[in-house]
Amino acid sequence: MRISEAFIPTLKEIPSDATIPSHRLMLRAGLMRQLTSGVYSYLPLGWRAMMKAMNIVREEMNAIGAQEFHLPALNPESLWIQTGRRNIPNFIFSIKERDLVLAPTHEEVIGWLASTHIQSYKDLPQTWYQIQTKFRNEPRPRSGVLRGRQFTMKDSYSLDRSWEDLDISYEKHKEAYKRIFTRCGLNFFIVGASTGAMGGTGSQEFMIDSNYGEDTAVLCSQCGYAANTEVATSSIPPKHRSIVSEPLREIYTPNIKTINELVDFLKLDHTHFAKALAYRYNGSPILILMMGNDQLNEAKLSSALGGGEIQPIDPEELRALTGADAGSIGPVNLQGFTIIADKRLQNANNLISGANRNDYHIANIDLSRDVPISGYYDLRTVEEGEPCPQCFAPLKISNAIELGHIFKLGTKYSEALNITYLDETGKSKPVIMGSYGIGIERIIACYIEQNNDSDGIIWSKALAPYQVHIVALNIKNNVTKEYCEHLYTQCQNAGVEVLYDDRVDASPGFKFKDADLLGMPVQVIVGEKGLKQNTIEVKIRRSGERIQVPLDATISTLQRILSSTSL
RNA sequence: CGGGGCGUAGCGUAGCCCGGCUAGCGCGCUUGGUUCGGGACCAAGAGGUCGCGGGUUCAAAUCCCGCCGCCCCGACCA
């Protein structure tokens with residue numbers, strides 16, 4: 001492509017709305033433009049990079065025997081009512097004129113196809129995928145294309161006869177995902193994750209470490225343990241039970257509201273306290289006990305309760321229900337609440353918690369003697385430095401961006417949509433499903449997050465919109481122009497994807513800056529000086545290395561460089 | 001949805017507190033000329049409903065009210 005004829009609007013100045021490097025560079029290098037919040041137009045250069053990523057995804061999906069579909073984004077609303085997902089908050093965009101919705105994901109459509117066409121065990125297994133635009137009613141799009149209202153996703157779905165076969169499909173996907181992200185040049189890791197509103201029996205996320213990530217990952221550098229904080233655990237010890245349970249005793253704690261204030265006031269460490277938190281779960285009040293300063297993890301709470309809506313009880317309501325404010329509520333003689341506790345407090349005794357009376361706490365609470373506990377669950381958020389649950393080494397905590405997510409769905413959608421098959425004995429059984437997603441824009445944005453410098457993007461040949469960028473320093477010089485035109489044609493004939501800066505009105509400095517900003521892996525710099533000595537210069541974008549190449553060896557040198565794996 | 005910020009030419013911005021504007025600057029753009037190995041120079045130009053609506057005033061980019069949009073933090077996030 002000749003830059004003089006191309007639409008590549010580069011920006012010298014940093015767009016004020018963009019705060020993270022990938023967003024800034026995607027705008028500055030002319031890859032895309034924002035249309036409205038969370039919605040982007042891909043310009044030719046950005047779209048070429050997207051296509052590179054999609055083709056890698058496609059090749060690896062095809063390699064595990066997945067079949068490519070193209071499913072509709074417009075869906076009948078009724079299908080979503082059937083699976084109970086129509087009214088998930090901030091999820092689905094509706095169409096005003098008809099009872100149609102814009103699909104945020106495609107379990108429903110896949111399920112509909114499977115329920116009408118999968119009949120026998122002989123029809124299974126199947127793996128179906130597509131690369132398609134998704135629409136989600138995000139309350140707050142952010143960070144450029146990292147969280148959009150419209151985005152491109154590779155979504156695939158496995159249909160199996162048994163849980164064992166699902167494990168096989170799941171593992172195939174996991175391996176395919178590793179190959180995809182490796183080929184894309186991403187430095188990623190895999191964590192155990194929560195299934196959340198998708199439902200199902202297990203999942204893992206593919207992530208990159210990033211300060212701009214919205215997820216938090218717990219990692220062990222010793223044994224490789226890795227989990228999203230929504231499901232991560234540690235080997236932090238439980239509260240030990242004292243031999244003697246002392247009698248209950250009310251203590252006066254004037255104006256004490258927090259665990260830290262109690263620790264100071266009573267000169268006891270925080271493990272002596274049971275913090276009480278009040279929530280509503282599907283409408284009914286629930287009291288959660290955590291040890292001392294342990295932080296409740298709402299994702300864990302939600303899944304412990306079996307999924308469903310949880311929300312904190314507001315202050316006035318709390319006073320009406322317990323007779324006290326948030327700092328003074330507790331589990332003893334509390335009416336109208338279901339009470340659960342974190343595992344760390346299992347059967348603990350001699351605990352201090354609120355008295356349900358402002359300015360008073362109760363000491364010596366024995367959870368098995370004094371409190372009707374409905375269950376103990378892992379509800380706490382793991383903190384940096386706690387011992388690894390597998391090897392006891394100190395855990396690290398990182399922010400992370402999610403690139404892909406793989407789920408063992410099981411029978412949730414099979415049941416809702418009646419997806420069944422007849423087994424060898426003629427018995428009807430539910431199809432066992434898995435679903436697997438990759439955000440294509442996130443591949444691009446994450447790649448740029450990990451591969452840029454102060455001059456611009458550093459593309460690898462796998463994702464680069466073009467492999468070679470010819471910089472004609474002064475195109476008005478006939479010798480320069482003649483050689484560049486010759487080289488441009490040679491590259492095209494040799495099948496090398498080439499971008500050719502043939503602009504007559506741009507100065508050499510301007511062209512250098514643009515070439516570094518656009519970031520193609522190899523630059524060929526052609527100027528009068530070199531030509532006088534029958535050489536051109538090849539610059540490797542990533543290393544900055546410059547090689548003087550004799551004119552007659554240019555194409556062979558480019559081909560040699562492009563075939564090396566280090567690009 | 002809570003908190004904060006912003007909206008002035010294609011981009012980046014000054015002016016707003018304290019009304020007097022005929023709205024300034026840099027980049028980019030057009031024309032002509034010079035220059036050509038790290039975002040060149042000279043000259044002449046084009047380009048603005050100051051987000052939208054209402055109000056106050058002799059006078060509004062500037063003050064007041066309402067709305068819309070965008071960004072950031074939080075909540076949320078298959």
Side-chain angles (χ1 to χ4, degrees), chain A residues 9-20 23-24 27-28 30 33-39 80 83-85 88-92 103-108 134-144 146-149 151 153 155 157 193-200 203 205 212-216 228 230 298-299 302 307 309-312 314 401-402 404-407 409 412-413 435-439 454-456 471-477 480-481 503-517 523 525-532 536-537 539 544 546 548:
Chain A
T10 57
L11 300 174
K12 198 188 303 192
E13 284 169 298
I14 297 169
S16 57
D17 276 350
T19 53
I20 76 168
H23 189 192
R24 290 176 171 185
L27 290 169
R28 287 192 56 212
R33 287 292 183 267
Q34 180 174 359
L35 181 61
T36 184
S37 185
V39 180
W80 291 82
T83 56
R85 294 210 288 183
I88 292 176
N90 302 323
F91 192 43
I92 295 181
T105 172
H106 278 79
E107 283 78 10
E108 275 74 1
K134 304 289 188 237
F135 300 89
R136 289 193 189 172
N137 188 8
E138 294 291 347
R140 180 151 101 78
R142 73 182 87 180
S143 304
L146 282 179
R147 178 164 294 278
R149 293 200 169 121
F151 58 98
M153 181 162 130
D155 47 324
Y157 307 87
S194 160
T195 53
M198 286 294 291
S203 81
E205 289 167 323
Y212 307 110
E214 301 177 88
D215 288 281
T216 310
N228 192 302
E230 292 169 356
E298 291 192 6
S302 175
E309 229 182 302
I310 55 162
Q311 56 183 87
D314 65 64
I401 301 170
E402 179 188 350
H405 203 158
I406 55 179
F407 290 91
L409 288 178
K412 175 173 170 169
Y413 297 92
S435 92
Y436 316 87
I438 292 178
S454 58
D455 291 319
V471 180
L473 288 181
N474 179 9
I475 201 89
K476 285 181 187 163
N477 175 279
T480 305
K481 176 165 182 176
R503 289 174 291 183
V504 290
D505 52 355
S507 69
F510 200 93
K511 291 183 177 182
F512 284 134
K513 289 290 185 186
D514 260 1
D516 287 344
L517 175 61
Q523 297 173 9
I525 298 160
V526 183
E528 279 173 80
K529 275 190 200 168
L531 288 176
K532 275 179 190 158
I536 50 88
E537 184 176 287
K539 176 181 162 186
R546 292 165 190 270
Q548 303 301 321

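Computed from a predicted model, the values in this text were never measured in an experiment. Naming: A, B, ... by sequence-line order, numbering from 1 per chain.
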Considering only the [atom1] atoms, how many Å lie between [N] and [M], rounded to the nearest integer?
N     : M     : atom1 : answer
B/C67 : B/U30 : C1'   : 39 Å
B/G51 : B/G7  : C1'   : 6 Å
B/G37 : B/C16 : P     : 45 Å
B/C73 : B/C64 : C1'   : 29 Å
B/C63 : B/G19 : C1'   : 8 Å
B/C50 : B/A14 : C1'   : 13 Å
B/A61 : B/G20 : C1'   : 13 Å
B/G28 : B/A43 : P     : 15 Å

### Task
Give the intermediate values and the outcome of side chain to side chain donor-acceptor pair (under 3.5 Å) for residues A/Asn228 and A/Glu205.
CA-CA 8 Å; A/Asn228 192 302; A/Glu205 289 167 323; 2.8 Å; yes

### Query
Atom NZ of A/Lys511 and atom C1' of B/G37: how far apart are they, to the nearest Å?
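In whole Å, B/G37 C1' lies 12 Å from A/Lys511 NZ.
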
### Task
Figure out the CD1/P separation between A/Ile475 and B/G37, and round it to whole Å.
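Taking CD1 of A/Ile475 and P of B/G37, I get 14 Å after rounding.
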
### Message
On RNA chain B, does the nearest nucleotide to A/Leu531 precede the nearest nucleotide to A/Pro15 from the 5' side, or the other way round? Give the residue.
### Response
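This one resolves to A/Pro15.
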
### 5'-most by nearest nucleotide on RNA chain B - A/Glu528 or A/His405
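In this pair, the answer is A/Glu528.
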
### Minimum heavy-atom distance A/Leu27-A/Ala18, with the two atoms named
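Result for this residue pair: CD1-CB, 4.0 Å.
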
### Query
What is the minimum heavy-atom distance between A/Pro15 and A/Arg28, and which atoms define it?
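What the structure gives for the nearest pair is CD-CG, 3.9 Å.
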
### Message
Reading 5' to 3' and counting Watson-Crick or G-U wobble pairs with both distances under 3.5 Å, write the dot-bracket notation for RNA chain B, | for bases paired outside the strand.
### Response
(((((((..((((......[...)))).((((((.....)))))).....(((((..]....))))))))))))....

Looking for any heavy atom pair under 4.0 Å, which part of the strands does [X] touch: base, sugar-phosphate only, or nothing?
X        : value
A/Arg28  : base
A/Arg546 : base
A/Asp215 : nothing
A/Asp514 : base

### Message
Check this for me: A/Lys539, atom NZ, are more than 12 non-hydrogen atoms of other residues, nucleotides or ligands nearer than 6.0 Å?
### Response
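Count over threshold, so yes.
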
### Task
Would you give a per-nucleotide map of nucleotides 68-76 of chain B, 5' to 3', where B means the base has a protein non-hydrogen atom under 4.0 Å away, S means only the sugar-phosphate does, and - means neither?
--SSBBBBB

Short heteroatom pairs, N/O only, protein and nucleotides 26-34 of chain B, under 3.5 Å:
residue	atom	partner	partner atom	Å
B/G26	N2	A/Glu13	OE1	2.8

Residues [X] and [Y] bridged, charged N to O under 4.0 Å:
X        : Y        : result
A/Arg85  : A/Glu107 : yes
A/Arg546 : A/Glu537 : yes
A/Asp514 : A/Lys12  : no

### Query
In Å and rounded to the nearest 0.5 Å, what is the OG to NE2 distance from A/Ser435 to A/His106?
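Reported to 0.5 Å precision, the distance equals 12.5 Å.
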
### Task
State whether a side-chain donor-acceptor pair under 3.5 Å links A/Asp17 with A/Gln34.
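Short answer, no.
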
